[in-house]
Asker: 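Just passing along the structure, written as structure tokens.
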Amino acid sequence: MRRLLIAALLAAAFSAQADTTSAGHTYTPPDAFAARLDGPVARFTAPEGDATVTVVDLASAKDAADAVAQAWALAQPDFKRTLRLATPRPSRNGWVDQQVFDYETSPNEKLAVQAIARRSSTGDGKAWVVLLLQASEATLEKRGAPIGKFFSSLRPQGYSRESFAGKTAKPLTPERIEQLKAFVAQGMKQLGVPGVGLSFIDGGRVVWAGGLGVRELGKPEPVDGDTLFMAASNTKAMTTALLARAVDAGKLRWDQPAAEAYPAFRLADPEVTKSVQIKHLVCACTGMPRQDLEWLFGNSAAPASTTFDQLATMKPTSKFGEVFQYSNLMVGAGGYIAAAALKPGVEVGAAYDQSMQALLFGPLGMKNTTFDYGKALRGNRAWPHGDAFDGSTRRAGMEVNRTIIPARPAGAVWTSPNDFSRWVLMELNKGKTPEGQPLISEANWAERYKPQVMVGEDVTYGMGLFVDRQYGITVASHGGDLLGFHSNMIWLPEYNAGVTILTNADAGVLLRGPLQRKLLEVLFDGRPEADERLKVAIANRKAEADKMRQLLTLPVPAEAMKTLAARYASPDLGPLRIERKAGKLHFVFAYWRSEVALRKNEDGTQSYMTIDPGLGGIELVRDDKAARPTLVLRDAQHEYRFVAAR
């Protein structure tokens, strides 16, 4: 009884001081997690019970590895995981000597284990903090936002946050534009990115738009201001603008039930279906998870109605409005519902394409922006690139990128630096065209920015838009990612400034965050962090790729080939044919294919990993305990079984 009373008192005391560690470091606890204090160890457990984040205060340690060893000894003395890889992180938010330690887990565990060591730059400089994460992959994906908010909010005692509030931004002079271009060019060279499209906006006008590098590796044609790239999920903000136009026209209401507006809309959970309003289709706040494999393995020629068919089989995995969960198919439905309201009686795919062109792209002067892949690929366009098994950059195929076509309001737009910048000018102009003509009412333009769900510390998601206020100013943005194409659009509404970036290689994803930081440094004389962030990110990417190659066996040994059946099928993802040719093993799915390598897992199981450029890392685990030959493919919250055909 006495122990229970003491525990209760400690819990109450910790609850009252839930924003400070035992050493006085401040943080924001993860929403809905249960807290427990045990001396220098503060432990937070997710509502599901299968995810724990732990903070351990240490007075001193020899280095990051020693700090992590001490932390595990205090928090979990029997911890014996194999270290997979330790990688540095840049100094930030008052922390230096940061290192991330990732541990081996087998695919069937569906588990992530990680430690993060940080040394305080304040005080005597000897104190360390270690964050320990042990979480099921499903809960980690669901609750990634509150966990990320917790990690980023942890700051050393006495540290003052950087703020640009009230500062006057410097103009983007030709010299400063060259500084930003040189930053991108150096990153491209180090990452092996063939081409980048850029635009810079200042004072509400485009001060530079053009390209760096080439459209396709091995060919001389340069990227220019009219070169088309896939902008992927940047389409989402464009789709929410179409919804705003439908609301302006009186065809829809933001608070209108989606099923009322479009009776074919339904989810597998009837109660959630009733709760979904038009604004919820694009808010990432309904509890609907990523369930992307079903469209990634789908038929690019399927009709737009496929989006509604797929949603009808899907269920939310968290409560309505509880956490940020990103659903491409929900946004796809949102775009088609807007189109159906604006063009009743027209097939929704065609209605969407026509409405986007007539109501947005045309009036904005986005003359080359399109959803027509044939048109895009015939003209001045970039080609996607990915990593080959040896680490080199190679041209990738377009097959997987076509699979988003049936759900294109979520991510199928092609655009250029010149056109992309005109979209950002519209956002800065509060819904008017760059020439000042009304396009979207200011009220409905603004509705898209209102917080719908928390994404991180001082970061919220509205309707297809991220809004970041971590530096005391507003930074709006959205990114886009498909095979070999990674992009971002960023703007500062209070300063009429912004940047767009379009890249044609998977490594290009690493340019986005550092470029945003570099822009803020140039505009506001911010702390010089962007260069180190990019340098560390590039080194870590190489280290991770090198480690993965060490874990894979290529070519696949004959014995591991023999255990495979000739054909498999999944009721959700379709057929799989096994192709053995010239000593190589290929997995041939319905609409795309890849060579695979073998990985032997810690629990004795074996996996087959795709390795073609852009497709690396799709893992199918052989289930040797199944009655018939079976391969298991998982995303964080779902499992798909390919069973040998009879």
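Keep in mind that what you see is a predicted model, and the values were worked out from it rather than measured. All values below were derived from every heavy atom in this structure, side-chain atoms included, with hydrogens, water molecules and symmetry-related copies excluded.
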Asker: In Å, rounded to the nearest 0.5 Å, how long is the span from CZ of Phe485 to OG1 of Thr503?
Answerer: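 These two atoms lie 8.5 Å from each other.
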Asker: Could you tell me if the side chain of Leu154 sits less than 4.5 Å from the side chain of Val129, heavy atoms only?
Answerer: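 A side-chain contact exists here, since the closest heavy-atom pair is under 4.5 Å.
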Asker: In chain order, what residues pass the salt bridge (Lys or Arg N to Asp or Glu O under 4.0 Å) check against Glu559, with sequence neighbours excluded?
Answerer: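 Glu559 satisfies salt bridge (Lys or Arg N to Asp or Glu O under 4.0 Å) with no residue once adjacent residues are dropped.
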Asker: Can a donor-acceptor pair be found, under 3.5 Å and without considering hydrogens, that links the side chain of Thr610 to the backbone of Ile618?
Answerer: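 Yes: the side chain of Thr610 pairs with the backbone of Ile618.
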Asker: Does the side chain of Met398 come within less than 4.5 Å of Pro384's, by heavy atoms?
Answerer: yes
Asker: Is it the case that Tyr326 and Ser233 place a side-chain donor and acceptor less than 3.5 Å from each other?
Answerer: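 Indeed, the side chains of Tyr326 and Ser233 share at least one donor-acceptor pair under 3.5 Å.
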Asker: Would you please test Leu576 and Ile578 for side-chain contact (heavy atoms from CB on, under 4.5 Å) and show each step?
Answerer: CA-CA 7 Å; Leu576 164 60; Ile578 307 302; 4.0 Å; yes
Asker: What do the steps show when you test Thr52 against Gln134 for side chain to side chain donor-acceptor pair (under 3.5 Å), and what is the final call?
Answerer: CA-CA 5 Å; Thr52 302; Gln134 296 183 88; over 6 Å; no
Asker: Less than 4.5 Å apart, side chain to side chain, heavy atoms only: is that true for Ser392 and Asp387?
Answerer: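 The answer is no, as the side chains (C-beta and beyond) never meet within the 4.5 Å cut-off.
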Asker: Main chain of Leu615, side chain of Asp612: is a donor-acceptor contact present, judged purely on distance under 3.5 Å?
Answerer: no
Asker: The criterion is side-chain contact (heavy atoms from CB on, under 4.5 Å); which residues satisfy it with Lys535, sequence neighbours excluded?
Answerer: none
Asker: Sequence neighbours excluded, which residues qualify as side-chain contact (heavy atoms from CB on, under 4.5 Å) partners of Thr605?
Answerer: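 In terms of side-chain contact (heavy atoms from CB on, under 4.5 Å), with neighbours along the sequence ignored, Thr605 is linked to Asn108, Asn601, Asp603, Val621.
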Asker: Could you report the tightest heavy-atom contact between Asn234 and Ser487, atom names first, then the distance?
Answerer: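 Nearest heavy atoms, Asn234 then Ser487: ND2-OG, 2.7 Å.
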Asker: Is the shortest side-chain heavy-atom distance between Leu552 and Met609 below 4.5 Å?
Answerer: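 With C-beta onward as the side chain, the pair touches.
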Asker: Is the CZ atom of Arg622 crowded by more than 12 outside heavy atoms at less than 6.0 Å?
Answerer: yes
Asker: Using the salt bridge (Lys or Arg N to Asp or Glu O under 4.0 Å) rule, pick out the option among Arg119, Arg92, Lys126 that qualifies with Asp97.
Answerer: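 The passing option is Arg119.
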Asker: So, Glu104 and Arg81, do they make that salt bridge, N to O below 4.0 Å?
Answerer: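 Salt bridge: no.
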Asker: I need the Leu564 CG to Leu620 CG distance, nearest 0.5 Å.
Answerer: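 It is 10.0 Å, given to the nearest 0.5 Å.
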Asker: Answer yes or no: is there a side-chain heavy-atom contact under 4.5 Å between Trp295 and Asp292?
Answerer: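 A side-chain contact exists here, since the closest heavy-atom pair is under 4.5 Å.
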Asker: Can you measure from OH (Tyr640) to CD (Glu294) and round to the nearest 0.5 angstrom?
Answerer: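 It is 3.5 Å, given to the nearest 0.5 Å.
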Asker: Any pair with a residue in residues 574-602 that passes ring-ring contact (aromatic ring centres under 6.0 Å, His included), sequence neighbours left out, goes on the list, sorted by first then second residue, please.
Answerer: Phe297-Phe589, Phe297-Trp592, Phe587-Tyr608, Phe589-Trp592, Phe589-Phe642
Asker: Roughly how far, to the nearest 0.5 Å, is the CD1 atom of Ile611 from the CG atom of Leu585?
Answerer: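 Here the interatomic distance stands at 9.5 Å.
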Asker: According to side-chain contact (heavy atoms from CB on, under 4.5 Å), who are the partners of Thr87, at least two apart in sequence or on a separate chain?
Answerer: Leu85, Arg89, Val100, Asn540, Ala543
Asker: Kindly state each residue pair satisfying salt bridge (charged side-chain N to carboxylate O under 4.0 Å, His left out) with at least one member in residues 64-75, sequence neighbours excluded.
Answerer: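 Those involving residues 64-75 do not exist here.
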Asker: Answer yes or no: is there a donor N or O on one side and an acceptor on the other, between the side chain of Ser106 and the main chain of Glu109, under 3.5 Å?
Answerer: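 Absent.
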Asker: Return the minimal non-hydrogen interatomic distance between Pro316 and Pro289, and the atom names on each side.
Answerer: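 For Pro316 and Pro289, the tightest heavy-atom pair comes out as CA-CD, 4.2 Å.
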Asker: Between Trp95 and Pro156, is any pair of side-chain heavy atoms under 4.5 Å apart?
Answerer: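 The answer is yes, as the side chains (C-beta and beyond) meet within the 4.5 Å cut-off.
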Asker: With distance as the sole criterion, is a donor-acceptor pair present between the side chains of Thr630 and Arg628 under 3.5 Å?
Answerer: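 The answer is no; no qualifying pair exists.
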Asker: Could you list all the salt bridge (charged side-chain N to carboxylate O under 4.0 Å, His left out) pairs where at least one residue sits in residues 633-646, not counting sequence neighbours?
Answerer: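 As it turns out, the salt bridge (charged side-chain N to carboxylate O under 4.0 Å, His left out) pairs with a partner in residues 633-646, which skip direct neighbours, are Lys110-Glu639, Asp623-Arg641, Arg634-Glu639, Glu639-Arg641.
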Asker: Going by the salt bridge (charged side-chain N to carboxylate O under 4.0 Å, His left out) test, which pairs reach into residues 563-586, not counting sequence neighbours?
Answerer: Arg577-Glu579, Glu579-Arg593
Asker: Any heavy-atom pair between the side chains of Thr45 and Arg36 that's under 4.5 Å?
Answerer: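 Not in contact.
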Asker: Which residue pairs pass the ring-ring contact (aromatic ring centres under 6.0 Å, His included) test with at least one member in residues 53-74, sequence neighbours excluded?
Answerer: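 Of all non-adjacent pairs touching residues 53-74, those that pass ring-ring contact (aromatic ring centres under 6.0 Å, His included) are Trp72-Phe79, Trp72-Tyr103.
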Asker: For Leu217, does its backbone N or O pair with a side-chain atom of His385 as donor and acceptor, under 3.5 Å?
Answerer: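 Checked: pair present.
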Asker: Picking from Arg290, Lys142, Gln637, what satisfies side chain to side chain donor-acceptor pair (under 3.5 Å) with Gln325?
Answerer: Gln637
Asker: Okay, side chain of Ser300, backbone of Ile405: is any donor-acceptor separation there less than 3.5 Å?
Answerer: no
Asker: Does atom NZ of Lys547 have more than 12 heavy-atom neighbours, drawn from other residues, nucleotides or ligands, at distances under 6.0 Å?
Answerer: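 Enclosed.
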Asker: Any donor-acceptor pair under 3.5 Å linking the side-chain atoms of Gln310 with those of Gln291?
Answerer: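 Absent: no donor and acceptor within the cut-off.
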Asker: Residues in salt bridge (Lys or Arg N to Asp or Glu O under 4.0 Å) with Arg512, at least two apart?
Answerer: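 Counting only residues at least two positions away or on another chain, Arg512 forms a salt bridge (Lys or Arg N to Asp or Glu O under 4.0 Å) with Asp481.
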Asker: Hey, does the side chain of Asp57 reach the backbone of Ser22 with a donor-acceptor pair shorter than 3.5 angstrom?
Answerer: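 Confirmed, Asp57 side chain pairs with Ser22 backbone.
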Asker: Do any N or O atoms from the side chain of Thr286 and from the backbone of Phe320 form a donor-acceptor pair under 3.5 angstrom?
Answerer: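 No: the side chain of Thr286 does not pair with the backbone of Phe320.
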Asker: State, to 0.1 Å, how close Glu271 and Asp269 come at their nearest heavy-atom pair, and which atoms those are.
Answerer: N-OD1, 3.0 Å
Asker: Between Tyr568 and Pro629, is there a side-chain heavy-atom distance shorter than 4.5 Å?
Answerer: yes
Asker: Give me the atom names and distance for the closest heavy-atom approach of Ala67 to Val130.
Answerer: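 What the structure gives for the nearest pair is O-CG2, 3.5 Å.
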Asker: Under the salt bridge (charged side-chain N to carboxylate O under 4.0 Å, His left out) definition, can you give me all pairs with a residue in residues 146-155, not counting sequence neighbours?
Answerer: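 For residues 146-155: Arg155-Glu457.
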Asker: Counting only N and O atoms by type, is there a donor-acceptor contact under 3.5 Å from the side chain of Ser327 to the main-chain atoms of Met330?
Answerer: yes
Asker: I'd like to know if the side chain of Glu322 and the backbone of Lys319 have a donor-acceptor N/O pair within less than 3.5 Å.
Answerer: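 Yes.
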Asker: Does the Asn488 side chain pair with the main chain of Ile501, one donor and one acceptor, at a distance under 3.5 Å?
Answerer: no
Asker: With rounding to the nearest 0.5 Å, note down the distance linking CE in Met548 to CZ in Phe389.
Answerer: 9.5 Å
Asker: Which value, rounded to the nearest 0.5 Å, describes the distance between Leu598 atom CG and Leu554 atom CG?
Answerer: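 The distance works out to 9.5 Å.
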Asker: With sequence neighbours excluded, what pairs up with Ala32 under the side-chain contact (heavy atoms from CB on, under 4.5 Å) test?
Answerer: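 Result, side-chain contact (heavy atoms from CB on, under 4.5 Å) vs Ala32: Pro47, Arg143.
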